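Model, not experiment: these values are computed from the prediction.
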Amino acid sequence: MNQPARALSPVPSLANARSAMERIATQLGRAVQGKSSQLQLVVTSLVAGGHVLLEDVPGVGKTTLAEAMAKACGLSFARVQFTADLMPADVLGAQVFHAQTATFQFRPGPLFRQLVLADELNRAPPRTQSALLEAMAQGQVSLDGATHALPAPFTVVATQNPVDFSGTYPLPDSQLDRFMVRMSLGHPTPEVEAGLLVTRDGTPPLDAVETVSGPEELASLRSFAAALRLDASVADYVVRLATATRSHGDLERGASTRAVLALGAAARANALWDARDFATPGDVHAVLVPCWAHRILLRSAVQGVSARDEAAHLLEEIARKVPAPR
């Protein structure tokens with residue numbers, strides 16, 4: 001069970017917002033070492049109100065990261081192992097008949113937590129994936145004519161293995177759009193890995209993570225970030241980037257309007273790392289690839305290059321060609 005939140009800062013203010021984000025990132029770093037840039041991106045997405053898709057090989061800390069996020073932020077947590085026989089009711093919940101009262105009552109599923117780890121999401125059948133992804137988009141679940149609101153703040157961290165797709169159900173491109181960022185942790189450096197061997201004494205890494213925030217503070221951070229200024233020139237720049245993806249000869253489909261909005265939200269949250277009340281083109285660049293690389297569709301694959309790497313390369317190329325406002 002998570003510890004109660006302690007010593008919460010009186011967000012909002014720029015200094016307090018940055019301090020809160022740094023506190024959360026520091027705690028995540030106690031569980032997942034040597035990944036400061038990735039952890040900063042996770043916190044940015046969390047504050048921007050986005051869901052996270054982690055694509056990585058097993059054993060690099062995906063599950064640990066999700067659990068650390070919940071513990072550091074004082075959020076209720078559930079892990080769902082997605083399998084081929086997982087049904088929507090196993091995630092969402094179901095109406096259960098009570099014989100004593102001769103009535104049906106809703107039994108909430110594991111989705112009714114503030115942070116949900118959808119482990120190996122692509123191993124569940126499309127119907128179950130769709131149930132989860134619709135709930136992510138709407139913040140509520142509708143069953144048998146009744147609507148059930150999900151807890152707030154609500155975040156999904158989903159994982160999938162980029163190598164082993166045998167027997168899986170790849171997420172439709174339209175549903176990948178539900179995730180604000182897609183990212184990977186990757187293996188730690190040899191120095192960090194050697195350090196783990198020396199210092200690890202069998203204590204679970206999550207034991208080192210302290211609860212340094214809470215649901216109310218996270219909700220406040222999200223509202224604060226959403227209200228940061230994004231000048232018309234920067235907004236125009238984001239739209240020109242999107243337009244460039246839509247007309248690029250190597251892309252079947254460019255960035256959607258939802259992608260534009262997600263990039264703007266992530267750029268605003270990224271500005272808080274510098275305690276700025278406005279987002280710059282630099283903030284846009286910082287989150288462009290993780291925000292859009294999974295939302296654009298390549299016309300054809302380049303031999304020897306993964307679709308993920310190729311999408312990232314194209315976005316970086318577009319960012320170099322589209323003039324940024326000064």
If two hydrophobic side chains count as joined below 4.5 Å and joins carry through other members, does [X] share a cluster with [Y]?
X      : Y      : result
Leu117 : Leu171 : no
Tyr169 : Val80  : no
Val52  : Val156 : no
Val181 : Leu176 : no
Leu54  : Phe82  : no

If I compare all heavy atoms of [X] with all of [Y], which pair ends up nearest, and what's the gap?
X      : Y      : value
Val287 : Ala266 : CG2-CB, 3.9 Å
Leu241 : Ala319 : CD2-CA, 4.0 Å
Arg107 : Val96  : CB-CG2, 3.8 Å
Arg178 : Ala137 : NH1-CB, 3.4 Å
Ala131 : Pro88  : CB-CB, 4.0 Å
Thr245 : Ala255 : OG1-N, 2.9 Å

Rounded to the nearest 0.5 Å, how far apart are [atom1] of [X] and [atom2] of [Y]?
X      : Y      : atom1 : atom2 : value
Ser45  : Asn270 : OG    : CG    : 11.5 Å
Leu121 : Leu133 : CG    : CG    : 6.0 Å
Thr63  : Gln81  : OG1   : CD    : 7.5 Å
Thr168 : Asn161 : OG1   : CG    : 9.5 Å
Cys73  : Leu221 : SG    : CG    : 8.5 Å
Phe77  : Glu67  : CZ    : CD    : 4.5 Å

Could I get the full list of salt bridge (charged side-chain N to carboxylate O under 4.0 Å, His left out) partners for [X], not counting sequence neighbours?
X      : answer
Asp119 : Arg79
Glu317 : Lys321
Asp250 : none
Arg127 : none

#### Entry: Met69 vs Leu46, side-chain contact (heavy atoms from CB on, under 4.5 Å): CA-CA, chis, key distance, verdict
CA-CA 9 Å; Met69 290 169 65; Leu46 190 65; 4.0 Å; yes
With the side chain counted from C-beta on, respond yes when [X] and [Y] share a heavy-atom pair under 4.5 Å apart, and no when they do not.
X      : Y      : result
Leu230 : Arg268 : yes
Arg23  : Glu210 : no
Ile296 : Leu315 : yes
Leu150 : Val141 : yes
Ile24  : Leu39  : no
Asn122 : Pro170 : no
His294 : Phe179 : yes
Val91  : Val116 : no

Applying side chain to side chain contact (heavy atoms under 4.5 Å, CB included), can you list everything that pairs with [X], at least two apart in sequence or on another chain?
X      : answer
Ala244 : Ile318, Val322
Pro153 : Leu75, Gln114, Pro215, Leu218, Arg222
Ala68  : Leu28, Ala31, Leu206, Val209

### Message
Measuring centre to centre across the rings, with the benzene-like ring taken for any Trp, is Phe104 within less than 6.0 Å of His98?
### Response
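Centroid distance Phe104-His98: not below 6.0 Å, so no.
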### Query
Does the separation of the ring centres of Phe154 and Phe112 fall below 6.0 angstrom?
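Ring-ring flag for Phe154/Phe112: false, centres at least 6.0 Å apart.
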So, the side chain of [X] versus the backbone of [Y]: is there a donor-acceptor pair under 3.5 Å, distance only?
X      : Y      : value
Lys35  : Leu185 : yes
Thr128 : Ala124 : no
Glu55  : Arg308 : no
Thr26  : Glu22  : yes
Thr243 : Val239 : yes

### Task
Verify the neighbour count for atom CZ of Arg240: are there more than 12 heavy atoms of other residues, nucleotides or ligands below 6.0 Å?
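Counting neighbours around CZ of Arg240, more than 12 heavy atoms of other residues, nucleotides or ligands fall under 6.0 Å, so yes.
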Quick one: which residue pairs count as a ring-ring contact (aromatic ring centres under 6.0 Å, His included) with a foot in [range], not counting sequence neighbours?
range            : result
residues 264-288 : Tyr237-His285
residues 185-223 : none
residues 201-233 : none

### Message
What verdict does the side-chain contact (heavy atoms from CB on, under 4.5 Å) test give for His148 and Gln140, after you've listed the backbone C-alpha separation in whole Å, the side-chain angles of each residue and the deciding distance to 0.1 Å?
### Response
CA-CA 6 Å; His148 307 275; Gln140 62 184 27; over 6 Å; no
[Y] versus [X], side-chain donor and acceptor atoms under 3.5 Å:
X      : Y      : result
Asp231 : Ser233 : no
Thr159 : Asp56  : no
Gln105 : Gln95  : no

### Message
Is there a side-chain hydrogen bond (donor to acceptor under 3.5 Å, both in side chains) between Ser256 and Asp177? Walk through the geometry before answering.
### Response
CA-CA 8 Å; Ser256 67; Asp177 214 25; 3.0 Å; yes
### Task
Keeping to residues at least two apart or across chains, list the salt bridge (Lys or Arg N to Asp or Glu O under 4.0 Å) pairs with something in residues 131-154.
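Salt bridge (Lys or Arg N to Asp or Glu O under 4.0 Å) check on residues 131-154 returns no pairs.
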### Query
Tell me the salt bridge (Lys or Arg N to Asp or Glu O under 4.0 Å) pairs involving residues 269-282, sequence neighbours left out?
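Every pair satisfying salt bridge (Lys or Arg N to Asp or Glu O under 4.0 Å) with a residue in residues 269-282: Arg229-Asp277, Asp274-Arg276, Arg276-Asp283.
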### Message
Applying side-chain contact (heavy atoms from CB on, under 4.5 Å) to Arg123 and Thr83, what does each step give before you reach the verdict?
### Response
CA-CA 5 Å; Arg123 296 207 172 273; Thr83 58; 5.7 Å; no
